[in-house]
Amino acid sequence: MLLPLLLALAQTAPEPLHLIVLHTNDVHGQALARPATWLSEPGRSVGGLERLLVAIETVRAEARAAGAELLLLDGGDWFQGTPEGALDGGVPFCKLLSRLGYDALALGNHEFDLGLPPLEHLLAETGIRPLCANLARRELDGSPSRPPWVDGVRLFQRGGLDIAVVGLVTPSTPYISHPDSRSLLFEPPEQALARVRSELPAGVELTLALTHLGVEDDNELAQAAPDLPLIVGGHSHTFLREGVRQGRTLIVQAGSKAGALGRVDLFLERPSGRVLEQRSRLIDLDQPPPAGAVPAEFAAELAALVERASASLGEVVAELVDAGPTADRFRSGGLGNWLADAFRRRSGADVALHNRGGIRKGLAPGPLTRRDLFEVMPFDNTLVVLELSGAELESVLARALTGKERANLELSGLLVEYRLDAEGRSQFVRAWHDGLPLDPARRYRLATNSFLARGGDRLLQELGERGFEDSGLLIREVLELEAESAGRLFFPPENRYLQR
């Protein structure tokens, strides 16, 4: 009697829901395919909106044929990084990006790069309504409220299940983006997620997090919410081929610059929403789309955007003969050395600093175009000079080397001496200028970028409201001037970090 009953129950149980979650992150304005210089095969390229569009539509068709459901998500940093992305404050590029049919896009820190009014304009022009549950503005009475142009959570119904997607952005945004963002409140992600989940309507069977936190912070989020089945992440540009697991939580990320499309296959029990199986992989976008696969209207709009952005960018400004070494934690890079030296030469300053995270592309020997230099330095930061004491400069260098808010720096006019303790942790020893240790009492003129001077990366914030001289020259304009005046470039190979 028991066996027939079990068979009857099995036959009446609903089929599991197959939910496909497609995801991108840190697209950074990558409208076109880019050379895959890391691959051994010459001429290979990856990414671009056309390949991304075709890959998404291919999976959509597959899902329809298999009776599966689909969500398309993005983990933030949409447009900053290329001439096409930067055009008109990112509006044309984001219009094309939204044509891919995203169900939800997280806010990234670089969405704030131009300030709050340009961000609000971009959202109004494109119709994008991003997700960010840990963002609030401060009202006149001091109470927090969510800005009217952003949602904390979005609800979907797929295959009879109610699904909530919660957006979260890195709380470090005020220090790594435009100063406008410092007028906003950024709640710790774990607190925001718990608060939003407690406010969800009854009957939501599945909650997913869509984050721009980076893999390390995604791991902390998963530890704080161990029943969370999936975190779709961004910010750290990590290629997670099969995702990583923190307890029961699968964490996924698809690198950057539309080089790959992430795919997660979830099999969910109905009606409970319990995850029966989940698997993740990346779909490499390393092949041109088949002829006719890209809709003609989309291709025409993309071509028009590229044509507008490419005016004069193809002009060769110099020949790079030797690119020097690649930067590492305690190793100056050839490109970084050249860039910092350019700051010092153009400003006449004693020393120069640049945050390595602001260098967005490496350069290989060969002809250098204006586009190459734009992609090295796509942000609209300018060359500035400020004055500080030797003691203040040493404090900045020590914090960059050993502090919690570490930021790898490229240097000019300086040598930084450090040692490693028994556990491999770095310790600042001293800094040298012109062959002598920094004089704590002497005033030094420091050339840097406006991002750092305004408190970015929290390195110069101790200087308070101290003014600085702004040259008005964009950093990429400085690089163009340096490249054009040299003609043939040999990036300085020396290491400006010395281990004791």
Side-chain angles (χ1 to χ4, degrees), residues 19-27 69-78 102-109 111 128-136 146 150-158 161-173 186-201 204-238 240 242-256 262-266 268 273-275 278-280 282:
L19 175 65
I20 299 172
V21 179
L22 296 180
H23 59 97
T24 57
N25 58 275
D26 301 280
V27 174
E69 299 284 353
L70 189 140
L71 283 173
L72 176 60
L73 308 176
D74 179 80
D77 281 3
W78 313 326
Y102 284 94
D103 294 293
L105 298 95
L107 272 178
N109 56 284
E111 269 66 84
I128 294 173
R129 190 167 179 84
L131 288 186
C132 191
N134 63 324
L135 176 68
R146 182 166 296 116
V150 67
D151 292 325
V153 62
R154 190 158 300 148
L155 300 178
F156 302 93
Q157 190 170 85
R158 293 290 189 271
L161 295 182
D162 289 327
I163 302 168
V165 178
V166 182
L168 298 164
V169 72
T170 173
S172 65
T173 295
F186 292 82
E187 186 180 4
E190 297 86 352
Q191 292 181 21
L193 178 63
R195 175 178 50 76
V196 169
R197 295 183 77 182
S198 72
E199 298 168 353
L200 289 174
V204 173
E205 290 89 4
L206 182 70
T207 300
L208 310 178
L210 177 62
T211 75
H212 193 81
L213 303 176
V215 170
E216 289 187 10
D217 286 356
D218 282 338
N219 268 284
E220 292 184 9
L221 185 68
Q223 292 173 35
D227 61 331
L228 198 66
L230 177 65
I231 297 175
V232 176
H235 187 48
S236 56
H237 296 199
T238 313
L240 297 177
E242 298 176 350
V244 294
R245 292 188 181 273
Q246 174 60 54
R248 294 164 52 192
T249 307
L250 177 64
I251 300 169
V252 298
Q253 200 177 139
S256 65
R263 172 173 175 162
V264 180
D265 289 86
L266 295 171
L268 307 169
R274 183 170 64 90
V275 177
Q278 58 185 175
R279 52 179 182 262
S280 170
L282 295 183

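Everything numeric here is computed off the predicted structure, so don't read it as measured data.
Within 6.0 Å of atom CD in Q223, more than 12 heavy atoms from other residues, nucleotides or ligands are found, so the atom counts as buried in its surroundings. Taking a 6.0 Å sphere around CZ of R248, one finds it holds 12 or fewer heavy atoms contributed by other residues, nucleotides or ligands.
Remark: R197 engages D227 in a salt bridge (charged side-chain N to carboxylate O under 4.0 Å, His left out) (not counting sequence neighbours). Looking at residues two or more places apart in sequence or on another chain, you find no salt bridge (charged side-chain N to carboxylate O under 4.0 Å, His left out) involving R146.
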side-chain contact (heavy atoms from CB on, under 4.5 Å) evaluation trace for V21 with L266 | CA-CA 8 Å; V21 179; L266 295 171; 4.2 Å; yes
Using the side-chain contact (heavy atoms from CB on, under 4.5 Å) rule, take L168 and L210 through it: C-alpha gap first, then chi angles, then the decisive distance, then the call.
-> CA-CA 6 Å; L168 298 164; L210 177 62; over 6 Å; no
N219 vs I251, side-chain contact (heavy atoms from CB on, under 4.5 Å): CA-CA, chis, key distance, verdict = CA-CA 8 Å; N219 268 284; I251 300 169; 3.9 Å; yes
side-chain contact (heavy atoms from CB on, under 4.5 Å) between H212 and L131, intermediate numbers included | CA-CA 10 Å; H212 193 81; L131 288 186; over 6 Å; no
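Rounded to the nearest 0.5 Å, atoms CG (L19) and CG (L161) are 8.5 Å apart. Note that OG1 of T211 is 3.5 Å distant from CG of D218, once rounded to the nearest 0.5 Å. Rounding to the nearest 0.5 angstrom, the gap separating the NE2 atom in H235 from the CG atom in D217 is 7.5 Å.
Across every non-hydrogen atom of L71 and D103, the tightest pair is CA-OD2, 3.4 Å. Nearest heavy-atom pair, Q253 versus D26, reported as atom, atom and distance to 0.1 Å: OE1-OD2, 4.2 Å. Closest approach of S280 and L250 over heavy atoms only: CB-CD2, 4.0 Å. Among all heavy-atom pairs drawn from D77 and N109, the shortest one is OD1-N, 3.3 Å. A164 approaches L155 most closely through the heavy-atom pair CB-CD2, 3.6 Å. Of all heavy-atom pairs spanning N134 and P189, the tightest one is ND2-CG, 4.2 Å.
The backbone N or O of G108 lies less than 3.5 Å from a partner atom in the side chain of E111, making a donor-acceptor pair. Between the N25 side chain and the G255 main chain, a donor and an acceptor come within less than 3.5 Å of each other.
Salt bridge status for R195 with E187: present, with a side-chain N to carboxylate O gap under 4.0 Å.
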